[in-house]
Amino acid sequence: MNVPVHQFSADQADAFDHLSEVFRRAGVDVEENLLRADGDPAQGVVAVVGKAGSGKTMLLAKLAEALAESGVDTISGDYEGRRTKDRRTLAILAPTNKAASVLRARGVAATTIHRILYTPVYDPEYERIAEWLMGNADRPEVEGLTDAALDRAETFFKSNRSIPGALAAAGLRGSDFITGWKRRENPLDIGFVDESSMLDDRQMDDLKEIFPTLVLFGDPAQLAPVNQSGSMVFDTLPAPRKLELHRIHRQTEDNPILDLAHALADESVDFYAFERRVEEAARNDDRVVMAERVEASLMARSPVLVWRNATRVRLIQAFRAAYAAPADELLPGEPLICDGIELPLKHRKKRLDLEARGLIKGAQVIYLGPGRKPGFSRLHVLGAEDPQVSAASIVKIEIPDEEEPFIPFAANMGAAFLHGAAVTIHKAQGSQWTDVQVFAPDLYAASRAGRVEAGIPLWKRLAYVAITRAQTRLHWVVRNRLARPIEPLTTADLTAGRAKFELTAQEGEQ
């Protein structure tokens, strides 16, 4: 492959060369665009670390492109096809649906870690269609499907490379052709993991079982997982296996949001000095806003980012009051955060089914309305490739100064949700939104607390993560106030555009 060296910084080019050698030893020669029979797949773990704007995503995309040109198959998690002796595979992963969607928006075929750990089991009749679409079998004849339906599936697959989407175009539902989910039995070859600062040791162990060659991409300035005692999975890697990218000024030039994020590295900058920098940036560029209050209309799709749990609960209550939401039900358009699946062990299959549809802990969801049966909700999973889901739901709305949340309605068991109009900065990692509201009074409280994490003041780590969640505009909220919305909540923005393939949970089975 002819690498576009002129697009790389020196440290990106060095990392590309280093990883190219790792892949060559694993049997994939990206320089000669060929697969080698003499490779040893077990190359272990390598990390590429760097702060926001250092070019990690660009490097990941170019490496994936080079591997694809060399004949490596990219695995999506939807359908893999039959494994052949000479086949080599790559999976590009992120810890959450939202993080995966950020990569997909940049043209990288990413999926979630869960969709790789657990693979779909296809009905044999419809698996014949999948094998035909993948080029491994002749066009089948399937009872109940016309030639026109198969033509629609073929046309869709040629442009989208999604087996579930192609089968949906033929008129099938997910419950027609996916009969269940199983833990992956066969390993893959190469894994890329974006936002790897979010991984805990258990997830890392799972990934090492699947991928003999694993490349982590992460930001060492972000917050470590809560159960990791301030450390990240790549911290203990030896220097030769940890490739560092430095800030590339030409990539972050004229970007006031990243300029503010990098200003936090200056040890002389305290909270007051930093807020003055935010004020100066806001005077010079409309991509930074010094906001006197929280905008309720923005909270419906991008949560306010806070440090303290009490602040989160108060803002959620203020949001619901601003929209006149009744206490005993949800309004269509209200945001939720999945808090896990509450099912006994004997319902493991149902748990896997819900998780495979994107309802993993931390997933951001919009409530669309009640399902066909009591306790069921129609949901839109933000960032999921197939976002429309119906599931038994347990919704918990927390109340200030009350230990127990109020539950407006609930199924006996199913997916549990908290309200998502505000979230902690920890939970926001891996996600990005066009507009982000950062609740500055909480960061001020963190600065006054004087806490330090991994040698860095906690408020700086919090501010760095919160600021870098903004793709286009940063709202630095300086007052504990909320602006009432002008328009009511809506779901029109979620249903507009081309029809999405709907993976609907089988309500009758739950």
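Proximity of a side-chain donor or acceptor of S54 to a complementary backbone N or O of K51 within less than 3.5 Å is detected. Using modelled atom types, one side-chain atom of N97 and one backbone atom of G358 make a donor-acceptor pair closer than 3.5 Å. A donor-acceptor pair is defined here as one N or O able to donate and one able to accept, closer than 3.5 Å; no such pair exists between the side chain of E453 and the backbone of S231. With hydrogens and angles ignored, the 3.5 Å screen pairs no side-chain donor or acceptor of K396 with any backbone N or O of L418. T89 places a side-chain N or O within donor-acceptor distance of the main-chain N or O of D189, the cut-off being under 3.5 Å. Side chain of K460 to backbone of S447: no donor-acceptor contact under 3.5 angstrom is found. Remark: side-chain polar atoms of R320 are paired, donor with acceptor, to backbone N or O of P326 under 3.5 angstrom. Panel note: side chain T96, backbone A99; a donor-acceptor pair is recorded below 3.5 Å. The closest donor-acceptor contact from the side chain of T213 to the backbone of A42 lies at 3.5 Å or more, if one exists at all. Formation of a donor-acceptor pair under 3.5 Å by the H262 side chain with backbone atoms of A52 is found in this model.
Separation of atoms CD (Q12) and CG (D17) is listed at 12.0 Å; rounding is to 0.5 Å. Between atom CG of residue L305 and atom OG of residue S302 there is a gap of 8.0 Å, rounded to the nearest 0.5 Å. We find the CG-CZ distance between L59 and F8 to be 5.5 Å, quoted to the nearest 0.5 Å. One distance of note links CG of L223 with OG1 of T424; it measures 9.5 Å at 0.5 Å rounding. Atoms CG and CG, on L93 and L117 in that order, are 8.5 Å from each other to the nearest 0.5 Å. In this structure, OH on Y444 lies 3.5 Å from OH on Y272, to the nearest 0.5 angstrom.
The two atoms that bring L443 and W459 nearest to each other are O-CB, 3.7 Å, heavy atoms only. Across L216 and S196, no two heavy atoms sit closer than the pair CB-OG, 3.6 Å. The shortest non-hydrogen separation linking A261 to I467 is CB-CG2, 4.1 Å. Closest approach of F319 to A300, counting heavy atoms only: CE1-N, 3.9 Å. Nearest approach of P225 to L199, heavy atoms of both residues: CG-O, 3.2 Å. Minimum heavy-atom separation, L260 to A281: CD1-CB, 4.3 Å.
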| request: Please report the C-alpha distance between V48 and V215 in whole Å, then the side-chain angles of each, then the deciding distance to 0.1 Å, and finally whether the side chain to side chain contact (heavy atoms under 4.5 Å, CB included) criterion is met. | output: CA-CA 7 Å; V48 177; V215 184; 4.3 Å; yes
| message | Checking D442 against R312 for the salt bridge (Lys or Arg N to Asp or Glu O under 4.0 Å) test, could you report, in this order, the C-alpha distance in whole Å, the side-chain angles of both residues, the deciding distance, and whether it holds? | response | CA-CA 10 Å; D442 261 20; R312 179 182 65 84; over 6 Å; no
| Chi angles and distances behind the salt bridge (Lys or Arg N to Asp or Glu O under 4.0 Å) call for E209, R184 | CA-CA 10 Å; E209 285 184 12; R184 175 176 293 280; over 6 Å; no
| side chain to side chain contact (heavy atoms under 4.5 Å, CB included) between W433 and T472, worked out | CA-CA 8 Å; W433 298 272; T472 303; over 6 Å; no
| task | Give the intermediate values and the outcome of side chain to side chain contact (heavy atoms under 4.5 Å, CB included) for residues F234 and V49. | result | CA-CA 9 Å; F234 48 72; V49 300; 3.8 Å; yes
| message | Is there a side chain to side chain contact (heavy atoms under 4.5 Å, CB included) between Y323 and S297? Walk through the geometry before answering. | response | CA-CA 9 Å; Y323 279 105; S297 57; 4.0 Å; yes
| Would R25 and Q43 count as a side-chain hydrogen bond (donor to acceptor under 3.5 Å, both in side chains) if you check the C-alpha gap in whole Å, the side-chain angles of each, and the deciding distance to 0.1 Å? | CA-CA 7 Å; R25 293 197 300 267; Q43 295 303 305; 3.0 Å; yes
| query | Under the salt bridge (Lys or Arg N to Asp or Glu O under 4.0 Å) criterion, do E280 and R276 qualify, and how do the steps go? | reply | CA-CA 6 Å; E280 182 180 356; R276 288 194 296 272; over 6 Å; no
| request: With salt bridge (Lys or Arg N to Asp or Glu O under 4.0 Å) as the test, would you mind laying out the steps for R202 and D200 before giving the verdict? | output: CA-CA 6 Å; R202 181 178 177 180; D200 59 30; over 6 Å; no
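The side-chain heavy atoms of R277 and D266, taken from C-beta on, include a pair separated by under 4.5 Å. Looking at heavy atoms from C-beta onward, V193 lies in side-chain contact with L214 at the 4.5 angstrom threshold. In this structure the side chain of L90 reaches within 4.5 angstrom of the side chain of F192, judged on heavy atoms. Inter-residue side-chain proximity for I399 and V313 is flagged as unmet; no heavy-atom pair is nearer than 4.5 Å. In this structure, the side chains of V294 and R481 stay at 4.5 Å or more apart for every pair of heavy atoms. Inter-residue side-chain proximity for K242 and V46 is flagged as unmet; no heavy-atom pair is nearer than 4.5 Å. Proximity of I394 to F417: side-chain heavy atoms (C-beta onward) are nowhere separated by under 4.5 Å. With contacts defined as side-chain heavy-atom distances shorter than 4.5 Å, the pair I425/K427 does not qualify.
When the shell of 6.0 Å around CZ of R308 is examined, it contains more than 12 heavy atoms from other residues, nucleotides or ligands.
In this model, no donor atom of one side chain and acceptor atom of the other lie less than 3.5 Å apart for H419 and E398. Between the side chains of Q437 and W476, no donor-acceptor pair is found at a separation under 3.5 Å. Side chain to side chain, S431 and Q364 meet the donor-acceptor criterion of an N or O pair below 3.5 Å. Using modelled atom types and a 3.5 Å distance limit, the side chains of H475 and E295 yield no donor-acceptor pair.
A salt bridge between R301 and D435 is absent, with no side-chain N of the basic residue lying under 4.0 Å from a carboxylate O of the acidic one. The pair K56-E195 does not meet the salt-bridge criterion, since no charged nitrogen lies less than 4.0 angstrom from a carboxylate oxygen.
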